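Because the structure is predicted, anything quoted here is derived from the model rather than measured. Order of appearance sets the numbers: ligands from 1, and atoms from 1 within every ligand. We count residues from 1, following the sequence as given.
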Amino acid sequence: MAAPRFAGLLSSRSASLDDVLDGLRAGRTFDLSDGTGADHGLLDHSLQTAELLRSSHPDDLALQVAGLVHDIGHMLPPHRDDAHADVAAVFVRPVFGDRIAELVRLHVPAKRYLVTTDPDYRAGLHRGSVISLGQQGGDMSCPEITAFEAEPLFGDATALRRADEAGKVPGLDVPGLETWLATLQSQQLR
Ligand SMILES: [Fe+2]
C-alpha cells in the first residue's frame, strides 16, 4: 500500500515536531497488515508500542518516544522495509537528538538479534515480521551478535523491539496521540 504523503517529506529543511506529528497522523491509514487480515495501522501500532514502554520503563521518556516514532520511516521515501529504520533515524534526529534517533535506527538490528538468539521470540513473530526479516538481513552472524551486544543502547534497543512485536494487537484500545504531546515536547531538542 502506498504511504500517504505528509508535510515532513519536504527535503529542503530538517523535520520539525509538527512534521513528526503529521507523519504519525498520516500513519493512521497506513496498513502494516501481516497478510492475515488483521488491521495493523501504523499509528495504532506506534501507540501500542509506546504504551508498552510507558508501562515497562515509566522513567525513560526518550525510550517511550522512540517507541512512538520508530516506524515513521514507512511513511518516507524510499518506502522500503529494509530502509525504514535508517530513514526514520535521519528524520527524527534533528527533532529529538541522538539517543532517540539511535534507538529508532537500532530497532531493526534488535529484531535480527532477538530472532537469532531467542527461540521464543522467533516463535512469536507475527507473519509480517517474518516476511520483512528476510529483507532486513535475516539472522545475525556471530560477529554481528558480538558487535550488537557491545552497543551502548543494546538493552534499550531490545526492550523497544520486544514492545514493537507485542504492540500489534488488532483493535486494542490505547491512549491516543494527544496524550503524548507533552512527552514529545519534553524530548524535543531546544
Ligand atoms: Fe514497529
Side-chain angles (χ1 to χ4, degrees), residues 1 3-4 6 8 20-21 23-36 38-57 60 62-93 96 99-116 118 121-138 148 153-172 174-177 180 183-184:
M1 173 182 175
F6 67 98
V20 172
L21 290 167
L24 290 171
R25 291 186 185 111
R28 194 185 306 276
T29 56
F30 180 72
D31 185 12
L32 290 173
S33 173
D34 58 7
T36 63
D39 177 11
H40 293 151
L42 186 144
L43 177 58
D44 182 57
H45 163 62
S46 302
L47 291 168
Q48 288 190 34
T49 303
E51 196 60 36
L52 286 165
L53 291 165
R54 183 146 63 180
S55 296
S56 64
H57 295 73
D60 193 344
L63 179 58
Q64 296 167 27
V65 167
L68 186 64
V69 304
H70 76 280
D71 267 345
I72 202 166
H74 284 295
M75 309 302 297
L76 297 162
H79 304 289
R80 291 202 326 255
D81 260 330
D82 62 342
H84 82 281
D86 290 339
V87 166
V90 170
F91 186 70
V92 303
R93 193 178 301 271
F96 298 120
R99 179 161 180 254
I100 288 175
E102 284 301 290
L103 287 168
V104 168
R105 183 181 69 80
L106 290 170
H107 87 270
V108 166
K111 171 184 172 181
R112 295 181 59 221
Y113 173 83
L114 288 168
V115 164
T116 308
D118 184 342
Y121 183 85
R122 176 187 288 271
L125 276 188
H126 288 77
R127 184 165 176 267
S129 295
V130 174
I131 293 169
S132 59
L133 176 64
Q135 300 162 351
Q136 294 164 343
F148 189 68
L153 294 173
F154 165 72
D156 293 334
T158 52
L160 192 161
R161 181 53 215 178
R162 287 187 186 280
D164 183 1
E165 197 60 33
K168 299 180 178 180
V169 181
L172 183 67
V174 291
L177 187 57
W180 287 97
T183 302
L184 287 163

- Item | ring pair (Phe, Tyr, Trp, His ring centres under 6.0 Å) involving Tyr113 - partner list, sequence neighbours excluded |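 Per chain and number, Tyr113 pairs via ring pair (Phe, Tyr, Trp, His ring centres under 6.0 Å) with Phe148, Phe154.
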
- Do Phe91 and Val69 have side-chain heavy atoms sitting under 4.5 Å apart?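 SC-SC contact between Phe91 and Val69 ruled out.
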
- Spell out, as yes or no, whether a donor-acceptor pair under 3.5 Å connects the side chain of His74 to the backbone of Asp81.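 It does not hold such a pair.
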
- Message: Regarding Gln64 and Thr183, do their side chains bring together a donor and an acceptor under 3.5 Å, going by distance alone?
- Response: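 Result is no, nothing qualifies.
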
- Of all N/O/S atoms in Asp164, the name of the one nearest the Fe ion (ligand 1): OD1

- Item | Asp71, N/O/S atom nearest the Fe ion (ligand 1) | OD2

- Task: May I have the angle between His70 NE2 and His45 NE2 with its vertex at the Fe ion (ligand 1), rounded to 10°?
- Result: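 Between NE2 of His70 and NE2 of His45, the angle at the Fe ion (ligand 1) is about 100°.
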
